[in-house]
Amino acid sequence: MADPKGFITTPRQEWPRRPVEERVRDWDEVYVPGALLPIISKQAGRCMDCGIPFCHHACPLGNLIPEWNDLVSREDWRAASERLHATNNFPEFTGRLCPAPCEAGCVLAINQPAVTIKNVECAIADRAWEEGLTPPCPPDRLSGRTVAVIGSGPTGLAAAQQLTRAGHTVAVYERDDRIGGLMRYGIPEFKMEKRHLERRIEQMRAEGTRFRTSTAVGRDIAAEELWARYDAVVVATGATAWRELEVPGRELAGVHQAMEYLPLANRVCEGDLGVSPLSAAGKHVVIVGGGDTGADCLGTAVRDGAASVTQLDIYAQPGTERDEEAEPWPTYPRLYRLSAAHEEARDLRSAPMADSDARLFAASTLRLTGDADGHVRELHLTGVNAGRRPLPGAERTLPADLVLLALGFSGPDRADGLVGQLGLELEPRGTLARGAGFETNVPGVFAAGDAARGQSLIVWAIAEGRAVAAAVDRHLTGRPSPLPAPIGPYDRPMTA
């Protein structure tokens, strides 16, 4: 512990965001460039180096948080990077995209603001890249075994990097034209600039990982052929089967899934398109779904220049303090949080009819109505109680030229034929079935990430990738694997 009184004398200070009026005019990350490093050493000094660091258990990666907090407080960036990368392949991703369950589990958070663990993690990763502390780590020798990883999201990339470094020859298959999965086309540029993704991909190429883009396994290449060609196959396709809104008017033009809207905006940022064909410019936009994907749509629509943007959340507005009875420390509590997108919508008054920032809470869609041309024009909703039952006299109507559905995902998309061609068994909820060693019912085929776990956080995705890599290495070598396995397939976040 560098500063025994740091948690008493130093107040929490987060990475400042750029002014709203400035950042909504571009697609750059929302944070003030260079403003994190001057404050982060003192913030890391707030860590108490607890005897039992619950932040370890709140994070599925098992990040060694007190250790690298101490090293950052002493500005030993090389050692901090080594400790951070010992448990996390992509800390610059999690430092930007993870909702930080580690901070909810911080012992200091029992009665004070938690340590800014997420910001410290991001600072270490960025400093490591700036100082050349993350060189490629190719294996000393090759094993002669081959592995196909299907899907290039955080699970697939983590699994591929671990297996490559263990000496196996790994090829990653991605159905899109670029590597990255939802990090590429689902996460807006203002949350994570894709240069962070690109340099990790180049690191992996230098280590020996091979990438096959624009290749949908099951459609562009038969799944059985891939299974026969490789010694092991890891299915890490993610949970891309989106949930539907079953209400009258769903068939109207102008009603789209979030993952139809967000990829097009990302392609504009990539330079593939001049303007998105689903641009929200000048339109009244309603987003159905109160989660992070909905917030991503919100920030994107604001930057598109929407006439108004409203986000519907079926849950009641949460409080700003933890409910110790329902969600005791160190579980991750449901609180009222103001994301960058919600802050923008609030300050710009993008949703004049909303309860708070851009959100209508305890709101359920009843139906959509359109014009004579069959294009959506209005969304009819009602307020609901805690049991999601409509409240009498609580119906409202919102103007809606573009309706975006951000209702989550139920499991892997079966349209490509991968699941059917391999004969993979499914759980009742639509996810891939697997055993205690991440193995499916097909010999040599393993399942990891959201495709098997269900929709989850990026830290769980990376942890799944690292764990399945250990399982595959054990399968290929026939002996215990030296690769770390931070979680098992049945592990779940801490709950009350």
Side-chain angles (χ1 to χ4, degrees), residues 10-43 92-100 103 113-114 116-123 125-127 129-130 186-197 261-262 265-266 268-271 275-276 279-285 287 290-311 317 320 335-360 404:
T10 305
R12 178 181 169 105
Q13 186 178 1
E14 298 187 46
W15 193 355
R17 296 168 179 165
R18 296 187 289 140
V20 166
E21 296 78 8
E22 172 190 320
R23 70 186 194 234
V24 297
R25 293 197 295 266
D26 60 44
W27 293 90
D28 298 340
E29 287 182 5
V30 299
Y31 297 104
V32 176
L36 184 56
L37 286 176
I39 67 173
I40 207 63
S41 294
K42 281 191 171 294
Q43 290 303 302
E92 66 273 33
F93 302 167
T94 53
R96 288 171 168 82
L97 304 178
C98 182
E103 293 187 17
T116 56
I117 299 170
K118 178 177 172 178
N119 284 179
V120 176
E121 179 179 38
C122 196
D126 288 353
R127 187 66 175 261
W129 281 108
E130 291 171 10
I187 299 298
E189 191 82 357
F190 59 82
K191 285 183 70 174
M192 187 183 79
E193 294 173 8
K194 300 306 179 284
R195 60 188 176 88
H196 303 295
L197 178 58
Y261 174 69
L262 291 173
N266 275 297
V268 171
C269 293
E270 293 278 6
V275 178
S276 167
S279 173
K283 298 177 182 177
H284 295 288
V285 181
I287 302 161
D292 288 343
T293 302
D296 292 344
C297 291
L298 173 64
T300 301
V302 166
R303 284 163 177 76
D304 277 348
S308 70
V309 196
T310 307
Q311 184 180 7
Q317 181 171 341
T320 57
L335 300 175
Y336 175 76
R337 295 179 173 88
L338 195 67
S339 73
H342 292 121
E343 180 185 43
E344 293 157 6
R346 180 199 64 187
D347 290 1
L348 298 174
R349 295 190 57 80
S350 298
M353 298 178 67
D355 297 329
S356 176
D357 49 74
R359 288 172 278 192
L360 277 175
L404 301 174

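Along the sequence shown, residues are numbered consecutively beginning with 1.
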K.L.:
Please check this pair: side chain of Asn119 against backbone of Glu14, looking for a donor-acceptor N/O pair closer than 3.5 Å.
P.N.:
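Side chain of Asn119 to backbone of Glu14, a donor-acceptor pair under 3.5 Å: no, none is there.
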K.L.:
Do Lys118 side-chain atoms and Cys98 backbone N/O form a donor-acceptor pair below 3.5 Å?
P.N.:
yes
K.L.:
Can you tell me how far the OG atom of Ser350 sits from the CD atom of Gln311, to the nearest 0.5 Å?
P.N.:
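Ser350 atom OG to Gln311 atom CD measures 12.0 Å (nearest 0.5 Å).
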K.L.:
Could you pull out all residues at least two apart from Ala280 that satisfy side chain to side chain contact (heavy atoms under 4.5 Å, CB included)?
P.N.:
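Expected list: Tyr261, Val285, Ala301, Asp304, Ala306, Leu402.
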K.L.:
Under the rule for side chain to side chain donor-acceptor pair (under 3.5 Å), what residues qualify as partners of Gln13, not counting sequence neighbours?
P.N.:
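Not a single residue meets the side chain to side chain donor-acceptor pair (under 3.5 Å) criterion with Gln13.
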K.L.:
Please walk me through it: do His342 and Tyr336 pass side-chain contact (heavy atoms from CB on, under 4.5 Å)?
P.N.:
CA-CA 11 Å; His342 292 121; Tyr336 175 76; 5.9 Å; no
K.L.:
Does any non-hydrogen side-chain atom of Gln43 lie less than 4.5 Å from one of Trp15?
P.N.:
no
K.L.:
Could you measure the distance from the OG1 atom of Thr310 to the CD1 atom of Ile287? Nearest 0.5 Å is fine.
P.N.:
8.0 Å
K.L.:
Rounded to the nearest 0.5 Å, how far apart are CD of Gln317 and CG of Leu360?
P.N.:
10.5 Å
K.L.:
Who passes side chain to side chain contact (heavy atoms under 4.5 Å, CB included) against Val20, sequence neighbours left out?
P.N.:
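Testing Val20 for side chain to side chain contact (heavy atoms under 4.5 Å, CB included), a comparison that skips the adjacent residues, returns Arg23, Val24, Glu343, Glu344, Asp347, Leu348.
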K.L.:
Atom CZ of residue position Arg195 - does it have more than 12 heavy atoms of other residues, nucleotides or ligands inside 6.0 Å?
P.N.:
yes
K.L.:
Glu189 versus Arg303: any side-chain heavy-atom pair under 4.5 Å?
P.N.:
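Answer no - side chains too far apart.
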K.L.:
Taking side chain to side chain donor-acceptor pair (under 3.5 Å) as the definition, give me every residue that meets it alongside Ser41, ordered by chain and number, with sequence neighbours left out.
P.N.:
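With sequence neighbours excluded, Ser41 shows a side chain to side chain donor-acceptor pair (under 3.5 Å) to Glu75, given in chain and number order.
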K.L.:
Under 4.5 Å between any side-chain heavy atoms of Leu262 and Thr293, yes or no?
P.N.:
yes
K.L.:
Minimum heavy-atom separation for Ala345 to Ala358, with atom names?
P.N.:
CB-CB, 3.4 Å
K.L.:
If you look at every heavy atom in Thr300 and Pro188, which pair is closest and at what distance?
P.N.:
OG1-CG, 3.9 Å
K.L.:
Of all heavy-atom pairs between Glu92 and Ala125, which one has the smallest distance, and what is that distance?
P.N.:
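So the minimum-distance heavy-atom pair works out to N-CB, 3.6 Å.
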K.L.:
Look only at the side chain of Glu121 and the backbone of Thr116, and say whether a donor-acceptor pair between them is shorter than 3.5 Å.
P.N.:
no
K.L.:
Rounded to the nearest 0.5 Å, what separates atom SG in Cys122 from atom CD1 in Ile40?
P.N.:
8.5 Å
K.L.:
Quick one: side chain to side chain donor-acceptor pair (under 3.5 Å) partners of Asp296, sequence neighbours excluded?
P.N.:
Lys191
K.L.:
Once rounded to the nearest 0.5 Å, what's the spacing between atom CG of Leu298 and atom CG of Leu404?
P.N.:
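Result: 10.0 Å between the selected atoms.
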K.L.:
Over all heavy atoms of both residues, which pair between Ile187 and Leu97 is shortest? Give the atoms and the distance, please.
P.N.:
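Where Ile187 meets Leu97 most closely, the heavy atoms are CG2-CD2, 3.6 Å.
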K.L.:
Search all heavy atoms of Tyr31 against all heavy atoms of Arg18 and return the closest pair with its distance.
P.N.:
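Heavy atoms only, the tightest pair is O-CG, 3.6 Å.
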K.L.:
Using every non-hydrogen atom in the two residues, find where Ser279 and Lys283 come nearest and quote the distance to one decimal.
P.N.:
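Scanning both residues, the minimum pair turns out to be O-NZ, 3.1 Å.
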K.L.:
Can you pull the salt bridge (charged side-chain N to carboxylate O under 4.0 Å, His left out) pairs that have at least one residue in residues 28-43, sequence neighbours excluded?
P.N.:
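Applying salt bridge (charged side-chain N to carboxylate O under 4.0 Å, His left out) to every pair that reaches into residues 28-43, excluding sequence neighbours, yields Glu29-Arg96.
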